[in-house]
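All remarks here apply to the structure that follows.
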Amino acid sequence: MNQSKTMEAADRRFGWFMSAPSLALLLAVILFPVFWALFTSVHDYTLIAPNFDTFTGAENYISAIQDPAFRHSLGLTAFFVAAVVLFEFLLGFIVALMLNSVERFKPIYYGILLCPLLMNPVIVGLIWRMFLHPSLGIVNYLLTVVGFEPVNWLGSTQMAIWTIIMVDIWHQVSFMIVLLLAGLSAMPKEPYEAARVDGARVYQSFFYITLPLMMPVIIVTLLIRMIFAVKTYDLIYIMTRGGPGVATDLVSYSIYRTAFVSLNVGEASAMSAILLGFILLLTVYLYRYMRSLT
Amino acid sequence: MLKQSLLSLALATGLSTAAHAESVNILMEGVPDTEYVKTLLPEFTKETGIEVNLEVVNYAEMHTKLVPQLLASKGSYSAIVVDFYWVGEFTKAGWLAPLDDMIKADNFDTSVYVPKMMDLVGQVDGVTYMLPFYNYAMGLLYRTDLLEDEANKAAYLEATGMELAPPKTWGEYLEQVKFFTKDGMHGVVNQGLRPDPIAMEWSNYLFANGGEFHDADWNATLNTPAGVAALEQYKTNVNEYGPLGSASFSFDEAFNVMAQGQAYSYITYNFFRTAIDDPSQSTVAGKVEIMPVPGQEPGVGASLNGAWGWAIPKSSPNPEAAWTFLKWVESKKIAKERAMQGGSPTRIDVFDDADLNAKFDYMGAMKDMLLTSHNFPVFTYTPQLVEVLGRELSLAVADEATPADALAAVEAEMNELAKKDGKQK
Amino acid sequence: MASITLDKITKVYPNDVTAVNGVSLDIRDGEFMILLGPSGCGKSTTLRMIAGLEAISSGDMLIGGRRVNDVDPADRDIAIVFQNYALYPHMTVAKNLAFGLKLRHVPASEIETRINRVAALLGIEPLLGRKPSQLSGGQRQRVALGRALVREPQAFLLDEPLSNLDATLRSSMRTELIKLHHTLGTTIVHVTHDQVEAMTMGERICIMKDGDIVQVGEPMEVYRNPANTFVASFLATPPMNLLPGRIESVGAGALVVAMDGVALPVPTAFQAAYASHSGKPVIVGLRPEDFHLAAGDAARTAPIDLVTITTEVLGPEVILVANLASGAGPEIHARMPRDFRAKIGQPLTLHFDLAEIQLFDPETTRVLPRPAHP
C-alpha cells in the first residue's frame, strides 16, 4: 500500500520531469507572446517609445472599437471569412467526394492539388495580380477572346473583395479537399452497403450517412480554415493594400498597419485581443457542437 | 599551467582577429542603385582592406528587419540606408548617429548636394544624420512620337487652338491627356494602389495646382481649392482617361501599360526613364522622354521629391569603418561611376558632369526636376500620413467619398499627428 | 417471399481474378440455403451478387422469377445481415431499424408497430434508444438481424453473421435463427465457413470451392455421399479418413479394397458399381463414426488392425488417432465411446461398417458412383 503510493508519486514525478521541456517550450512560444500582447494592450506602447511607462487601461480598446475603420474591417473580415469558408467547403467537399471514388492516379491528383497550397501567399498574390491585370493580364484577354467585356478585377470596389475571395479559394481549397478526403477515406464502407440494400439512393446515402458521419471532421476543418482565413494578410498586402477605398481592408492588415505604420503597438495589441476574443467564442461554440455529436 | 594556456588562447584569438579583415554590413533594398554600388565594392576593398557585405531584401521587409537591430545596443548593421519616409521616425527614436563630427574631421563637403536632398535625407533640425544616396523624384513620362505626329498636331490645333508640344503648364498637360484618349489609347496611366503609390502620385497633382501639404506652422492645407481641384483631376484621369483598373495599379503595373504603348503619359519615379529605353521590357524605347511635372506657370516645377540616404545607426558595431565606406561611396568619383551605370544622382557636380550628360541626354531634365521639386512632409508620422492619405484618396477615386470630405478627413488626422509630434503648436 | 435462381453466374474482377465461375443454383421459395466453403471460395461474392452489391459479369440472376441483373439493390426487396453488422453508427437502434422503412415511405405508425414487434421478437426493446457503440457484440448482432427482419423482405441474406460471436452465443443464435425461419418461412441464404452451422441450420447446403459449386444437397445427403474428397474432408469433425488403396478382384467376381495389409471386402450391393475399377488405385474414404469396437455381422463389417498414436478424450466421446498396423499411410481418426481408453503404441482391432465405405478416383478426386446407402 505504502510502497505503491511512493511508486505512484515517483511515476508522477517522472511524468512531470519528462513533460517539463515541452511544457516550458509551450509556455515560452505560446503563452508568453499572448500575455505580452495583453499586457501591451493596456499600455501606451509605441515603437517610438517602446516602454510600459504609461498604463492606459481600456483606452486602447475603446479607441479601437470607436474607430469606424476598425469596425468596418471587422465586418468585412466576417463577410470574407464566411464567404471563403463556405465556398471552399462546398467546392472542397465536391472534389473530395469525386476523388474518393477515384481508383487510379490518386497520387497524381494529390500532387496537382497540393501545388497551390505549397505556394507562398506572396507568390500567389503576385501571380494573380499579373493574371488579373485589366489590360495586360491573361484572364481579361481570354474573356475578350470569348466575347466578354474585360472585368475590373481589383480596381472596382464591388469586385475587389470577390476577386480576393476567388484567389483565396484557388489557393486554399486544396486544404479543405485534403482534410475532407482524409475523413472520407477513413469512413467505414459497410454502412453504405447496408444503406444501399435498405433502399437508399446515392444522394440519400450522402445526406443520411456521409454527412452525419463526417460532421466532426467537417467542423474541425471549418474551424481551422476559419481561423486561418481571419488571419489573411499577405494576399491583401500584395494585391490591394486594402483598396480600392476600403473595399478589401481586412482586419489583420488593419492591425498590421496600426502596429508597423502607425507604430502604435498598444492599440494593435488591443485590436488583436478583440479579434482573439471573437475567434475563441467561435471555437468554443463549434467545439461544444462537435462534442454534442459524439 | 592553466594561466599559460588561457594566455596563449587569448593571444591566439587576438591574433586571429587582427589577421581578419574588418567588414562592413549594410542592409539594402533590391533596386538598380544597389546593384551599381555592388559592382564597385571590389575597388573599396582594394583601397581600404575593408570587406563589405550587402544584405539585399525587398522594401516590404526592410523596416521590420531594421527596427530590432536599431533598438539593440549593439546591432549587426554597420551602416544602413534610410528612405525619406523613415527619417522622422528614426531620428525621433534616436536611432541614428550624428555625422557632423566626422564630416568636419574629414572636411567632407556636403554643399555639393542638391539642397532639397539635404533637407529630405541629410539634415534634421540642423544636425546631419545622413548623406543623400540616390533620388527618386517623380517626373512626367510622355510619348515624344505622338507629339511629333503631324496628324495629331493638326487635330490638336483644331481642337484647342494650341500647338502640340511638351506641356509647359499643368493645364496644357491635362488638355493633352484628354486629347490623346482615343482609339484605344489612354491619355494617362495612374498608379492608384493605396497607400504609397496613390499618395505619392497625387502629391504631384497637389503641387501642380499650386497647393502644399501644410503651412509654415504645420497646419494642414489640403481641403483647399488647390487640393480639391487636384483630387477632382486625379479622379477624372483615373476614371475617364486611364485604362480599366488603374485605381488598383502599383507602379510596376502602370509602368507596363506605359511600356506597352497604351498610354500617352505617366507621372512616376525617375528611375523608370532608364527602364523605358530597355527593349526587353518596353515596346516604346526611344519614344518616351521625361520632364518635371509642369506647374501653374511655365518654368514652375511640381515634381514630388523622394530619396534614400546613407546613415550610421547608433547601434553600429564599427562606426569608423562605416564612415570610411560612406565617404568613399559618396565621393565624386564613385558617385559619378554609379550615375554612369544609370544611377540617379544627388550631387550637383555629378549632375553637371560632362561625361554623364554626354551619355544620358535627359540628365538636365532630371536636375531641373530635382531643383524645382517639392518635399513630402517629413516628420515622425510620415508613414501614417501616407497611409491615411492613400486610404482617403482611394475612397474618393472609388466614389465612396467626395473629394472635399476625403481631404477634410486627411487634414483632421494630419493635424492630430503634427500635434502629437510637436510640429504644430 | 421468393425463389432465387442463379444461372451460370460468373464474377470476374477488374484484375482478371475469377471469383465465381459460372455457378447455377436454384434456391426454392422459403428455403434455408447454406453457402459453405473455405475463405476465398466465392460464397460471399455470390451472396453479394444476389444482394446486388456486386455487378454480375455474366449469367442470369432471378429473384421470384424476375431477372435482377441490372436491378438496384434498393429494388430487389432483400435484406442482408453483414458479418460486422454494418449498423449506422450515428443512429440509435430504433433509427437503425426504421431507416429502410422510412426510405420506402412506410407510414410512421406502421414503422413503430413493426419496430416494436421485431424488438419484442429479438428481445432488444431496452436497447432501442442506444447507439451501436453502446452495445455488446451479441446485441449488435440482434439489431442487425432486427434491421433485416423489420423490412419483411422477400429473402434474407446472411453473410457469416455468427462468426464474430463467442461459442455459447453463436450456438444460441443458431437455434434462434432456425426458429425464426420456421416462424417466418422466408427464404434465407446463409453464407458460412463453419460446417457445424451448415449441418445444423440448412435445409440444403451448397458447397463451394475456388468459385465453383462442388455439391448441393440436404445436410445428411452431403454428409453421407460426398461428391469428392474435398467435401468428404470439409464436412464433419473429425472429417472422413482418406487412405490410398486399390480395388482388387479375388476370383468369382468378388472385389476387395486393399490397403497396406488390410483387405476390405466390397459389399455385394456395390460390386457391380466398382467392377470397372478393378485393378485400379482408389482413395478409400472411411468416416470416423463407422469404426466399432465389436465385430458385427461378418458380411457387414471387416476388422482393421491399428496401432494407437494417441487418444483425445472429449467427454461425450473419445477420438482415437491411430495408424494401420503396418505403420504406413496417414493417421486415421476413429470416434469411440466415452469410456474407451488406449495406451500409446497399443495395438487394437476395430471393425469398419462396410456399407459406409466411399471410394474416390485419385486422379479426379471425384467419388466412384455406387448405389445409395442401402
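Here is how names work: the chains are called A, B, and so on, in the same order as the sequence lines, proteins then strands, and each is numbered from 1.
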Inset, instruction - Output, in order, the C-alpha distance, side-chain angles, deciding distance and verdict of side-chain contact (heavy atoms from CB on, under 4.5 Å) for A/Asp198 and C/Arg147. - result: CA-CA 9 Å; A/Asp198 260 350; C/Arg147 187 172 63 181; 3.7 Å; yes
Inset, instruction - Starting at CZ of A/Arg196, measure out to CZ of C/Arg76 and round the result to the nearest 0.5 Å. - result: 9.0 Å
Legend entry - Contact origin within A/Gln204 toward chain C - heavy atom pairs under 4.5 Å: side chain
Inset, instruction - Can you see which heavy atom on C/Ala74 is nearest to which on A/Ala200, and at what distance? - result: CB-N, 4.5 Å
Legend entry - Interface moiety of C/Leu157 toward chain A, non-hydrogen atoms closer than 4.5 Å: neither
Legend entry - Toward chain A, the part of C/Arg48 with a non-hydrogen atom under 4.5 Å: side chain
Legend entry - Under 4.5 Å from any heavy atom of chain C - which part of A/Tyr208: both
Inset, instruction - Please say which of C/Tyr85, C/Tyr88, C/Phe82, C/Phe99 ends up in a side-chain contact (heavy atoms from CB on, under 4.5 Å) with A/Pro191. - result: C/Tyr88
Inset, instruction - Can you establish whether the number of heavy atoms outside A/Tyr110 located under 6.0 Å from its atom OH is more than 12? - result: yes
Inset, instruction - Just give me the residue among C/Leu87, C/Ile78, C/Asn84 that pairs up with chain A most often, heavy atom to heavy atom, under 4.5 Å. - result: C/Asn84
Inset, instruction - Decide if atom CD1 of A/Ile138 counts as having more than 12 heavy atoms of other residues, nucleotides or ligands within a radius under 6.0 Å. - result: no
Legend entry - Heavy-atom side-chain proximity of A/Glu190 to C/Gln83 below 4.5 angstrom: no
Inset, instruction - Can you see which heavy atom on A/Val197 is nearest to which on C/Arg104, and at what distance? - result: O-NH2, 3.9 Å
Inset, instruction - Might you confirm whether atom CZ of A/Phe228 has over 12 heavy atoms from other residues, nucleotides or ligands at distances under 6.0 Å? - result: no
Inset, instruction - Please determine, among C/Pro89, C/Ala148, C/Gly52, the option with the most heavy-atom pairs under 4.5 Å with chain A. - result: C/Pro89
Inset, instruction - Verify the neighbour count for atom OH of A/Tyr233: are there more than 12 heavy atoms of other residues, nucleotides or ligands below 6.0 Å? - result: yes
Legend entry - Salt bridge present between C/Asp72 and A/Arg201 (N-O < 4.0 angstrom): yes
